[in-house]
Amino acid sequence: MIRAIQKPDIASVARIYNYYIENTIASYEESTLDSAGMTERVQKVTEDGFPWLVAEIDGIIGGYSYGYMWNTRSAYRHSAEVTVYLLPDYYRKGIGTQLYQALFALLKEQGIRMVIGGIGLPNPASVALHEKMGMKKVAHFEKVGRKFDQWLDVGYWQGDLEFL
């Protein structure tokens, strides 16, 4: 079931995100978040009018997605940055697709036209999901992040909600 995040979900969402901080280059953050830190992030997103969704499967939060303003300048108000994270046990089960489908529908209703996803590279699974959703690679920045003693690239994928 895909639904809006609720307060009791925040600890689960923090655990999901912390997995990526501690074990992968999907997030370039290096310090984990406690529930209070994640609560602040969720509040910022939702108070600014953007959706934060979770995928609940048999009582377990298996993943989440949200959209947020891509840039604070008013001319960019029709563009949003999007992201999705899943528990590793829920990879390749269509949950990321379901989360993005629901998120994109809500963003489109809010007047968002362009969605932009930043991906720490290499990350073939995330690239595949974004391209499955109809997004196209529009930028590649080399060696702009450093984590786990290696230089990392970031790619950006963009999708027009009028055509996705």
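All values below were derived from every heavy atom in this structure, side-chain atoms included, with hydrogens, water molecules and symmetry-related copies excluded. Computed from a predicted structure; not experimentally measured.
Applying the side chain to side chain donor-acceptor pair (under 3.5 Å) criterion to Lys136, with sequence neighbours excluded, gives no partner residue. With sequence neighbours left out, the ring-ring contact (aromatic ring centres under 6.0 Å, His included) criterion links Tyr90 to no other residue.
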Residues 110-130, side-chain donor-acceptor partners within the protein, below 3.5 Å, at least two apart:
| unit_1 | atom_1 | unit_2 | atom_2 | d |
| --- | --- | --- | --- | --- |
| Gln110 | NE2 | Gly49 | O | 2.8 |
| Arg113 | NE | Asp160 | OD1 | 2.7 |
| Arg113 | NE | Asp160 | OD2 | 3.2 |
| Arg113 | NH2 | Asp160 | OD2 | 3.0 |
| Asn123 | OD1 | Ser126 | N | 3.1 |
| Ser126 | OG | His130 | ND1 | 3.4 |
| His130 | ND1 | Ser126 | O | 2.8 |
| His130 | NE2 | Tyr100 | OH | 2.9 |

Using residues 60-67 as the side-chain source, report each donor-acceptor pair under 3.5 Å to any protein atom, sequence neighbours left out, with the distance given to one decimal.
none

Can you give the donor-acceptor pairs under 3.5 Å from side chains of residues 102-109 to other protein atoms, not counting sequence neighbours?
| unit_1 | atom_1 | unit_2 | atom_2 | d |
| --- | --- | --- | --- | --- |
| Lys108 | NZ | Leu161 | O | 3.3 |

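The CD atom of Gln6 sits 11.5 Å away from the OG atom of Ser12 when rounded to the nearest 0.5 Å. To the nearest 0.5 Å, atom OH of residue Tyr156 and atom NE2 of residue His140 are 11.5 Å apart. The CZ atom of Arg41 lies 12.5 Å from the CD1 atom of Ile10; values are rounded to the nearest 0.5 Å. Atoms OG and CZ, from Ser79 and Arg73 in turn, are 13.5 Å apart once rounded to the nearest 0.5 Å. In this structure, CG in Leu99 is found 10.0 Å from CE in Met133, a value given to the nearest 0.5 Å. In this structure, the separation between CG on Leu86 and CD1 on Ile95 is 6.5 Å, given to the nearest 0.5 Å.
No side-chain heavy atom of Asp34 sits less than 4.5 Å from a side-chain heavy atom of Thr39. You'll find the side chain of Val144 stays beyond 4.5 Å of the side chain of Leu152, heavy atoms only. Side chains of Val82 and Tyr68 form no contact here, defined as non-hydrogen atoms less than 4.5 Å apart. Two residues are said to be in side-chain contact when any heavy atoms from C-beta on lie closer than 4.5 Å; Val54 and Ile2 fail this criterion.
One hydrophobic cluster, built from ILVMFWY side chains closer than 4.5 Å, cannot hold both Phe141 and Met135; they sit in different ones. Residues Met69 and Trp52 share a hydrophobic cluster, clusters being chains of Ile/Leu/Val/Met/Phe/Trp/Tyr side chains in contact below 4.5 Å. Grouping the Ile, Leu, Val, Met, Phe, Trp and Tyr side chains by contacts below 4.5 angstrom, directly or via other members, places Trp157 apart from Tyr28. If you chain together hydrophobic residues whose side chains sit under 4.5 Å apart, Val138 and Trp70 fall into the same group.
No donor-acceptor pair under 3.5 Å is formed between the side chain of Lys143 and the backbone N or O of Gln150. No side-chain donor-acceptor contact under 3.5 Å links Asp9 to the backbone of Ile5. The backbone N or O of Val45 lies less than 3.5 Å from no partner atom in the side chain of Asp48, so there is not a single donor-acceptor pair. At least one donor-acceptor pair under 3.5 Å links the side chain of Lys147 to the backbone N or O of Ile21.
Taking every heavy atom of both residues into account, Ala80 and Phe50 meet most closely at CB-CE2, 4.2 Å.
More than 12 heavy-atom neighbours from other residues, nucleotides or ligands sit within 6.0 angstrom of CD on Glu131.
Counting only residues at least two apart or in different chains, salt bridge (Lys or Arg N to Asp or Glu O under 4.0 Å) contacts with residues 95-104 are absent.
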Would Ile25 and Phe148 count as a side-chain contact (heavy atoms from CB on, under 4.5 Å) if you check the C-alpha gap in whole Å, the side-chain angles of each, and the deciding distance to 0.1 Å? CA-CA 8 Å; Ile25 61 160; Phe148 303 135; 4.0 Å; yes

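Of the N and O atoms on the side chains of Glu29 and Tyr20, not one donor lies less than 3.5 Å from an acceptor on the other residue.
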